[in-house]
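Every chain is numbered from 1 and lettered A, B, ... according to where its sequence line falls, protein lines coming before strand lines.
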Protein chains: 2
Amino acid sequence: MARLGDAGPSMQGLVLALRDITADLGFEHCSYVLRQPLPIAQPAIHWGSTYPQAWLDRYMERNYLELDPLVQRALASDLPVVWSDRSIDRLPEFWEEARSFGINHGWAVSSHGRDRGVGLLTVARRNEPVSAHELEQNEMRLLWLAHSMHGMASLLPGVAQALLEPLSLREREVLLWSAAGKTADEIGLILAISSRTVTFHINRCIAKLGAANKTEAVAKALVLGLL
Amino acid sequence: MARLGDAGPSMQGLVLALRDITADLGFEHCSYVLRQPLPIAQPAIHWGSTYPQAWLDRYMERNYLELDPLVQRALASDLPVVWSDRSIDRLPEFWEEARSFGINHGWAVSSHGRDRGVGLLTVARRNEPVSAHELEQNEMRLLWLAHSMHGMASLLPGVAQALLEPLSLREREVLLWSAAGKTADEIGLILAISSRTVTFHINRCIAKLGAANKTEAVAKALVLGLL
DNA sequence: GATGTAACTGTCATTTCTTACAGGGCGCCG
DNA sequence: CGGCGCCCTGTAAGAAATGACAGTTACATC
C-alpha cells in the first residue's frame, strides 16, 4: 500500500542502500548511473547519487553527464578507473570543480548488460587516495556491487525497456539476415520463400518494434537482444 | 620467442589457468565460451574446456552448443545458474548424457562486454551439490573470474573484432541518426547539411565497415560499440 | 607552400525499400 | 466448428537508397 509521498522503488532509493555498503568500504559518496540503449539517438539515463547537492546541481547545470571523462570512459571500456587529484588527463576545470566539493579520490566500475545498457558505479572520498592494497581487496566487491545494481536498476519501473509484442521465429530470422546486409531477394533464396514474403515479415517487425524503417527495426532488435 | 609447437596464447591456455583457480573452489571441471557478435548471422564462437574429452567430442558431434540449455540461458539473461541432477527443465537426454560423464552438479555465470560479446563460465563436479553457503561464498569470485576471462579472451589473437579504419565524428553522427530510423533528408535537416552529404557519409561508413548496405553498417557499428 | 583529411555538394541511372491493396493454407485450441 | 496466430504470395506506385561520375572549401600539419 503506497502512502502519500511514497514514490515507490527508485534509483535514488537503490543508491541510498548502496551508500550503506560503500561506506563500509571507506567511501563517503557513491553514485550509480544507468544508460539504457533506447531511444537510440538519445539514450535514456537514470541515476542516483549521494554526492553533495551543490555539486549535483552544478553537474546538471553544466551538462557534465555529456562531458564527464569518467562517463566517457565507462562507455568506451570495461575496465575500472581509479582517479586522484593528480591523475587529471582531460578537462582540468571539471576535476578542479569536483575537488572544490571534496571529491578528491575515487573509483569507478562499469557494467554492461545483455541489452546494451551501461551502468557506472562510482565511489569517492575527500582524504585518502585509493591504495594498491585497497584495490586488490575491494575490486571484486565493487564489480559485484556494480553488477547487482545493474540488475536491480533494470527492473525499476520506468527503466525497463521490453517489447510489448514478441517477434515470431520467422520474423527474427528475416530480421537477422537483414542485419547481415541481405536484401529481400537474397533472404528469400536463403529461406526458400518469395521475396514478397520476406518483405511481409520485415514489415511486421517494423510495426511490432515501432520503428520507422528496416534500419531502425534492426537497430532496436539488436539493442533489445532479440537477434 | 615462440618455440616449435608453441601456439601462443589461446583460449585453451586461459582455461587451463582458470582450472587451477576453480579447483581451489572445489570443482573438477571448468570451461569458458565466448561468443563474439560478428558476423551477425553466424557469430564467432571461441572456447576452452577441461571437461572430459569424450564428453567434448559428443558435445561437438551433436552440435550441443546450439542446444545446451545453459548456453541459451546465458544468452538470454544476466543471472547465474546452478544446476544439479534434479533440476532438469528441458532436454532431459542432454542432462542424462552429461551425468554419464560425471557432470552432475555445476554452476554457470555469464558476462556481457560492451561489444555485445557474451561469455559463459561454467564449473562442474561429480559428487557434491552446490550448497547455499557455497553460493554465497563464491558468487562474487565466479563473477570476477567470468569478467576477467572475458577481458583476457577478448584480447586473444583471432578473437578481437575491431575496426581497421575508425569512423569520423560526422560518420558516427549520420549513422546514429540512421539507426534511429531517419532518412537522409531528415538527417540533412537535423545536421543542417544537404541530404546528398548525408548519403556521402553513409557510403563511407558502409565502405569502412565492410557492409553491404546501410542496414548492415548500422548493425555492425552497434555491435562494435561505435554508436 | 604542399599535403592530407574531413566535410561538403551536385546529377543521374539503377536497385531496393516501403506501403497500399487482396487474399490462401496450416495447425492449435476452446 | 470457429477463431486465432503464423506463414505464405501476388500487383503496383511512390519513396528512398545505392553507386558512380565530378568537383569545392576549411583546417591542421609538415
Side-chain angles (χ1 to χ4, degrees), chain A residues 39-41 72 76 90 162-222 224 226-227, chain B residues 39-41 76 90 162-224 226-227:
Chain A
I40 289 173
Q72 299 304 315
R90 278 186 305 173
L163 188 58
L164 295 162
E165 209 176 345
L167 298 183
S168 74
L169 170 63
R170 213 44 156 178
E171 284 158 359
R172 284 196 304 274
E173 274 183 315
V174 166
L175 209 52
L176 181 66
W177 286 111
S178 293
K182 306 298 184 189
T183 67
D185 279 326
E186 293 169 327
I187 299 173
L189 289 175
I190 294 170
L191 299 180
I193 57 181
S194 81
S195 69
R196 179 58 189 85
T197 304
V198 174
T199 303
F200 170 80
H201 290 301
I202 290 178
N203 284 335
R204 303 213 58 149
C205 291
I206 293 173
K208 283 185 177 178
L209 288 158
N213 53 37
K214 187 175 71 172
T215 301
E216 187 183 1
V218 164
K220 278 194 170 182
L222 274 178
L224 288 173
L226 302 176
L227 302 187
Chain B
I40 290 174
R90 277 188 305 173
L163 189 58
L164 295 163
E165 210 175 343
L167 298 183
S168 73
L169 171 64
R170 212 47 156 178
E171 284 158 358
R172 284 197 303 274
E173 274 183 316
V174 166
L175 209 51
L176 181 65
W177 287 110
S178 293
K182 305 298 182 189
T183 67
D185 279 328
E186 293 169 328
I187 299 173
L189 289 176
I190 293 170
L191 299 179
I193 56 181
S194 80
S195 69
R196 178 60 190 80
T197 304
V198 174
T199 303
F200 170 81
H201 290 301
I202 290 178
N203 285 335
R204 301 211 60 150
C205 291
I206 292 173
K208 283 184 178 179
L209 289 159
N213 52 37
K214 188 175 70 173
T215 301
E216 186 183 2
V218 164
K220 277 193 171 183
L222 274 178
V223 301
L224 288 174
L226 302 176
L227 302 187

In Å, rounded to the nearest 0.5 Å, how long is the span from [atom1] of [X] to [atom2] of [Y]?
X	Y	atom1	atom2	answer
E173(B)	L176(B)	CD	CG	8.5 Å
N203(A)	N213(A)	CG	CG	11.0 Å
I187(B)	I193(B)	CD1	CD1	8.5 Å

Do [X] and [Y] have side-chain heavy atoms sitting under 4.5 Å apart?
X	Y	result
I40(B)	L227(A)	no
L191(B)	W177(B)	yes
S178(A)	I202(A)	yes
R172(B)	L175(B)	no
R170(A)	T197(A)	no
L209(B)	E216(B)	no

Starting at [atom1] of [X] and ending at [atom2] of [N], how long is that distance when rounded to a whole Å?
X	N	atom1	atom2	result
H201(A)	dC6(D)	NE2	P	11 Å
I206(A)	dT16(C)	CD1	P	17 Å
E173(A)	dC7(D)	CD	P	8 Å
N203(B)	dA16(D)	CG	C1'	13 Å
R204(A)	dA20(C)	CZ	C1'	16 Å
I193(B)	dG10(C)	CD1	P	11 Å
D185(B)	dA17(D)	CG	C1'	11 Å
I202(B)	dT18(D)	CD1	P	7 Å

Expected string for nucleotides 22-30 of chain D under the B/S/- scheme (protein heavy atoms, under 4.0 Å, primed atoms plus P, OP1, OP2 as sugar-phosphate) is ---------
Can a side chain N or O of [X] be found less than 4.0 Å away from OP1 or OP2 on [N]?
X	N	answer
T199(A)	dC17(C)	no
S168(A)	dC7(D)	yes
T197(B)	dC8(C)	no

Using a 4.0 Å cut-off on heavy atoms, which residues in residues 174-184 of chain A reach DNA chain D? List them by number, or say none. none
What does the inter-axis angle of the helix from dG1(C)-dC30(D) to dG30(C)-dC1(D) come out as, five pairs per end, nearest 10 degrees? 50°
Could you work out which one of dA17(D), dT16(C), dA7(C) sits closest to the side chain of K214(B)? dA17(D)
Backbone N/O of I206(B) and side chain of K214(B): donor-acceptor pair under 3.5 Å: no
Which comes earlier along DNA chain C counting from the 5' end, the contact point of R170(B) or that of N213(B), where each point is its nearest nucleotide? R170(B)
Atom CZ of R204(A): over 12 foreign heavy atoms under 6.0 Å: no
Take atom NZ in K182(B); do more than 12 heavy atoms of anything else shown fall under 6.0 Å from it? no
